[in-house]
2 protein chains.
Amino acid sequence: MAQPDFDLRDFTPYLLAVAGEVASLEFAAVYKARYGMTRSEWRVLFHLGRYGPMTATEIGARARLHKTKISRAVRALELKRFVSRETLEEDRRSERLALRAPGRAAYADLGTAAAAFEARLEARLGAEEARDLRRMLRRLADLD
Amino acid sequence: MAQPDFDLRDFTPYLLAVAGEVASLEFAAVYKARYGMTRSEWRVLFHLGRYGPMTATEIGARARLHKTKISRAVRALELKRFVSRETLEEDRRSERLALRAPGRAAYADLGTAAAAFEARLEARLGAEEARDLRRMLRRLADLD
DNA sequence: CGCGAATGGTTGCGCGCGCAACCATCCGCG
DNA sequence: CGCGGATGGTTGCGCGCGCAACCATTCGCG
């Protein structure tokens, strides 16, 4: 063996993956159970709710989602009557995506749930550590 | 909107997911390119290399992998001649999985790459912060 | 001993995903 | 104007995944 002292529990990508799975799956269960939504759909919904109407490309840049994911997520949200599309006059290739009333309701509901989830997490880690954690993750994710 | 000040960039599960994607995909490119391995296969290989022969169930407990993932990963690694199976005498339902020579070589190679990757990451975050990050992630992942 | 529950592992199925190819529209430059 | 490349978005394809159902073996308890 090359480096017998190198433990997987000290390998940050592994820890990120496991911690991410634990956290994401737990919250994913909420929007999946309540609205039958996928993770991509949740991210799109959240971005539209939080930052207002925008195009698919803008969502992609903000939400770190591949355009195919967005395309399929938007179609699914459209079928749920959560979002509306409107072709832009100034560039008829792109469309303005906006939340409809049911979408806004779902956003408010899930936003509350997300805030509660985050609060529980902070309680577990402690406010200061949770803040530090977020700061480091933001750096890792190039989100600065 | 319910809580217009709740930003996604402060939502830990989101940050974990994005940071995890960035880190995992970057390293995944290595074992995918060199050995055509999947993430599950890499985890199984690493555990067998690091901790020695064990059964699929033991890997599952250590590596946080669902048993179906392990089953398929083991079959793939077997086809690559990386692992061997041997039915246990004392319980003929389970089998002892062990690395073969090519598997050990791949483990050594990827272990070195992983250590280098981790070192670069530490250089970016600073040694102290990187250690804190790992500690918090371990707590989140229930790996204590 | 014998039967039902528990355990180790595999498999069929439907789904979300990433990739590459594609269509439509727009822009830049001769 | 017109043609080639760039851009916004969609789709076909193969794959890895999670779930539930399943097979074989073993365990627990009457």
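The sequence lines fix the lettering, A, B, ..., with proteins before strands; numbering per chain opens at 1. Scope of the values below: all heavy atoms of this structure, side chains included, with no hydrogens, waters or symmetry mates.
- A distance-only check finds no donor-acceptor pair linking the side chain of B:Arg85 to the backbone of B:Glu78 [under 3.5 Å].
- Using a 4.0 Å cut-off, no side-chain N or O of A:Arg85 falls inside it from OP1 or OP2 of D:dG9.
- Proximity of B:Thr55 to the phosphate of C:dG8: no side-chain N or O atom is located under 4.0 Å from OP1 or OP2.
- A:Arg96 places its CZ atom 18 Å from the C1' atom of D:dG9, with the value rounded to the nearest Å.
- Checking D:dC17, D:dG8, D:dT26 against the side-chain heavy atoms of B:Arg93 singles out D:dT26 as nearest.
- The distance from atom CD1 of B:Ile70 to atom P of C:dG9 is 8 Å, rounded to the nearest whole Å.
- One finds the CG atom of A:Leu45 at 12.5 Å from the OG1 atom of A:Thr38 (value rounded to the nearest 0.5 Å).
- Contact annotation: side chain of B:Arg92 to base of D:dT25, donor-acceptor pair absent below 3.5 Å.
- Close to C:dT11, at under 4.0 Å from its OP1 or OP2, lies a side-chain N or O of B:Arg75.
- Annotation: of the two residues near DNA chain C, B:Arg72 and B:Lys67, the 5′-most nearest-nucleotide partner is B:Lys67.
- In terms of position on DNA chain C, the residue among B:Glu58 and A:Leu88 whose nearest nucleotide sits closer to the 5' end is B:Glu58.
- Counting non-hydrogen atoms under 4.0 angstrom, A:Thr57 reaches the backbone sugars and phosphates but no base.
- In terms of phosphate contacts, B:Ser71 brings a side-chain nitrogen or oxygen within less than 4.0 Å of OP1 or OP2 of C:dT10.
- The aromatic rings of B:Phe27 and B:Tyr31 sit perpendicular to each other, their planes meeting at more than 60°, with 30° as the lower class boundary.
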